[in-house]
Amino acid sequence: MKLRPGTLWRVPVFCIIASWLSYYITIYGGFLYMVRTTGADGAVEVSVDPLRSTLFQGVLFLAILLLGGLWAFRSMTKLEIAASAALVSAVYLVVILLQLYLPGFPPALSVWLAPFQNWKGILSSLLLRFMNFHLALVASAFAPFLFVPFGRRQKD
């Protein structure tokens, strides 16, 4: 089976755009999971409802997964999606390992990269409920491979 070279860019570009959009949806959609209370002294306290936040993040993650699988990668084979996902997963994995194990990794660079890694960050925050921190971060680097089941078995 042959890979079409023109398809290798699709998953990385989709993941970057989806991450950027989900980053801003999370920021501007915060009113859906924020809880505001006013104390007796008139002070306003704002906190995050963990259940609403988890549901919001889960729905956002699934929406991106379904949008990519059913729309963006509809014409690609499973092999093409896997090869394309491997490219972006390798970059995600290198960045995660550098952030975790390079003591001098600049925090400003991590902040700058946050909008471009938000989609897989949603998965890592959901996985943190079931596994340790480092394992959840590394596992989330392989999130683009979740698009593979949506691919065609063979090229028509």
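Tyr24 and Tyr28 have parallel rings, their planes meeting at less than 30° on a 0 to 90° scale where 60° marks the start of perpendicular.
Across all non-hydrogen atoms, the minimal contact from Gly58 to Leu126 is CA-CD1, 4.1 Å. Taking all atoms of both residues into account, the shortest heavy-atom contact from Val148 to Lys78 is O-CG, 3.4 Å. Of all non-hydrogen atoms in Ile96 and Ala141, the two that sit nearest each other are CD1-CB, 3.8 Å. Summarising the geometry of Ala85 relative to Val11, their closest heavy-atom pair is CA-CG1, 3.8 Å, with the distance given to 0.1 Å. Scanning all heavy atoms of the two residues, the minimum distance from Thr7 to Met76 falls at O-CE, 3.6 Å. For Phe56 against Leu32, the heavy-atom pair with the smallest separation is CE1-CD1, 3.6 Å.
The residue from Ser22, Ser140, Ser19 that alone fulfils the side chain to side chain contact (heavy atoms under 4.5 Å, CB included) condition with Ile122 is Ser22. The ring pair (Phe, Tyr, Trp, His ring centres under 6.0 Å) test with Trp119 is passed by exactly one of Phe147, Phe14, Tyr92: Phe147.
The neighbour count for Arg52 CZ, taken as heavy atoms of other residues, nucleotides or ligands under 6.0 Å away, is above 12. Residue-environment remark: CZ (Phe133) stays at or below the threshold of 12 foreign heavy atoms within 6.0 Å.
Under the 3.5 Å distance criterion, the side-chain polar atoms of Tyr33 are matched with a main-chain donor or acceptor of Thr26.
A distance of 12.5 Å separates OG in Ser124 from NE2 in His134, rounded to the nearest 0.5 Å.
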Problem - side chain to side chain contact (heavy atoms under 4.5 Å, CB included) between Gln99 and Leu137, worked out - result: CA-CA 10 Å; Gln99 288 174 330; Leu137 288 177; over 6 Å; no

Practice task
Report the C-alpha distance between Thr77 and Arg153 in whole Å, list the side-chain angles of each, state the deciding distance to 0.1 Å, and finish with yes or no for side chain to side chain contact (heavy atoms under 4.5 Å, CB included).
Solution key: CA-CA 6 Å; Thr77 65; Arg153 289 184 191 256; over 6 Å; no

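Side chains of Phe105 and Leu100 form no contact here, defined as non-hydrogen atoms less than 4.5 Å apart.
Counting only N and O atoms by type, the side chains of Ser75 and Arg4 include no donor and acceptor under 3.5 Å apart.
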